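See structure below.
Remember, predicted model here, so these are calculated numbers, not experimental data. Convention: sequence-line order gives letters A, B, ...; per-chain numbering from 1.
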Protein chains: 2
Amino acid sequence: MYTIGDVAKATNLPTKTVRYYADIGLVIPSGRSTNGYRLYSGKEINKLIFTRRARSFGFSVQECRELLGLYEDKDRSSRDVKAIALHRIAEIEEKLLELRSLHQELTHLADSCNGDNRPDCPIISGMSG
Amino acid sequence: MYTIGDVAKATNLPTKTVRYYADIGLVIPSGRSTNGYRLYSGKEINKLIFTRRARSFGFSVQECRELLGLYEDKDRSSRDVKAIALHRIAEIEEKLLELRSLHQELTHLADSCNGDNRPDCPIISGMSG
DNA sequence: CCTTGACCTTCCAGTTACTGGAAGCATTAC
DNA sequence: GTAATGCTTCCAGTAACTGGAAGGTCAAGG
């Protein structure tokens with residue numbers, strides 16, 4: 001069992017956010033210590049890491065709730081879980097393409113900066129005419 | 001020159017957001033029509049597409065302002081631009097790793113859903129013990 | 001024993017980045 | 001000529017934090 005500070009370190013989330021996620025019922029600590037401290041298990045830590053990643057790619061808290069729910073809802077059929085997961089995977093693949101595009105744009109910019117004079121913006125001036 | 005609706009289509013941003021970015025001075029339309037409509041050129045459209053991508057990967061509006069500024073600030077040295085760009089590129093590469101990780105986790109989950117009975121969560125139960 | 005510092009708690013206000021809706025003017029389509 | 005669509009401003013609301021105050025807890029040092 002870990003206190004919120006340990007959890008923050010392990011998940012790379014601010015304590016404020018971990019507390020917030022507990023408040024809104026997204027990731028609830030498995031218990032409280034006698035002095036009222038939130039106590040988290042490895043399971044919650046994994047949920048929080050998963051949530052941090054999903055959030056950082058634009059999935060809303062509500063969508064994170066759904067994704068986390070995929071693993072917990074014993075009543076949901078295997079087929080449903082797969083359908084939702086595949087839908088999200090498609091979204092993630094699109095995000096991967098966009099992220100590579102962003103990467104390439106910035107790399108191109110950085111590459112253009114070898115000398116002392118900088119060319120026009122390769123992205124913006126590219127189409128501006 | 002494009003009106004805000006055309007811009008919304010081209011950039012895949014809501015008109016509300018395009019207007020908001022104009023209000024906060026992030027991407028300012030190149031002019032106004034006689035009837036007061038915002039008019040955008042291809043250059044602004046490219047800025048908006050760039051911004052949408054950067055925003056969707058967690059760069060703040062302020063950071064987008066800085067990134068867009070890299071291309072416009074004639075006073076900034078080539079060296080500075082390169083340094084900032086490389087810093088952002090490192091961040092993006094980290095995001096790429098995380099996004100692949102998320103992709104893999106969900107793929108693993110989807111793959112586990114071939115039959116009718118679903119296994120325990122491969123991510124969450126993995127470490128929970 | 002006491003205090004210093006680093007934890008933790010709740011609560012409440014503020015921020016960022018939109019987002020929805022009302023009221024109204026402009027243009028196109030029938 | 002009027003209905004639909006698209007634009008305008010303005011203002012209020014929401015999502016997801018984020019900062020700060022006020023205070024309890026606990027291990028270490030004097």
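- Atom pair A:Lys16:NZ and C:dA13:P shows a separation of 13 Å (rounding to whole Å applied).
- Between C:dT9 and A:Arg19, a contact under 4.0 Å exists linking OP1 or OP2 to a side-chain N or O.
- Put simply, A:Tyr37 has no side-chain N or O that comes within less than 4.0 Å of OP1 or OP2 on D:dC26.
- In this structure, A:Ser60 reaches the sugar-phosphate backbone alone: every heavy-atom distance under 4.0 Å involves primed, P, OP1 or OP2 atoms, never a base.
- Nucleotide C:dA13 holds its P atom 16 Å from the CG atom of A:Asp23, rounded to whole Å.
- In this structure, B:Leu26 atom CG and C:dC18 atom C1' are separated by 13 Å, rounded to whole Å.
- Remark: the A:Glu98 side chain and the A:Ser101 side chain contain no N/O donor-acceptor pair separated by less than 3.5 Å.
- A distance of 12.0 Å separates OG1 in B:Thr51 from CZ in B:Phe59, rounded to the nearest 0.5 Å.
- When each of B:Asn35 and A:Thr17 is assigned the nucleotide of DNA chain D bearing its nearest heavy atom, the one mapping closer to the 5' terminus is B:Asn35.
- The pair B:Glu91-B:Arg88 counts as a salt bridge, with a side-chain nitrogen and a carboxylate oxygen less than 4.0 angstrom apart.
- For A:Ile4, the side-chain atoms get nearest to C:dT9 when compared with the rest of C:dA17, D:dC17, C:dT9.
- Across all strands, A:Ile24 comes closer than 4.0 Å to no nucleic acid atom at all (heavy-atom distances).
- When the side-chain nitrogen and oxygen atoms of B:Arg65 are compared with OP1 and OP2 of C:dT16, none of them lie within a distance under 4.0 Å.
- Taking atom OH of A:Tyr21 as the reference point, atom P of D:dA15 lies 14 Å away to the nearest angstrom.
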Given side-chain hydrogen bond (donor to acceptor under 3.5 Å, both in side chains), test A:Thr107 with A:Gln104 step by step and report yes or no.
CA-CA 5 Å; A:Thr107 305; A:Gln104 197 186 334; over 6 Å; no

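- Residue A:Lys9 contributes atom NZ, which lies 10 Å from atom C1' of C:dA6 at whole-angstrom precision.
- Counting non-hydrogen atoms under 4.0 angstrom, B:Thr3 reaches the backbone sugars and phosphates but no base.
- Between the C1' atom of C:dC8 and the CZ atom of A:Arg32 lies a distance of 10 Å, rounded to the nearest Å.
- In this structure, CZ of B:Arg38 is placed 9 Å from C1' of D:dT9, rounded to the nearest angstrom.
- In this structure, A:Arg55 reaches the sugar-phosphate backbone alone: every heavy-atom distance under 4.0 Å involves primed, P, OP1 or OP2 atoms, never a base.
- The CG-P distance, from A:Leu48 to D:dC17, rounds to 11 Å in whole Å.
- When hydrophobic clusters are built by joining Ile, Leu, Val, Met, Phe, Trp and Tyr residues whose side-chain heavy atoms come closer than 4.5 Å, directly or via intermediates, B:Leu13 is grouped together with B:Tyr20.
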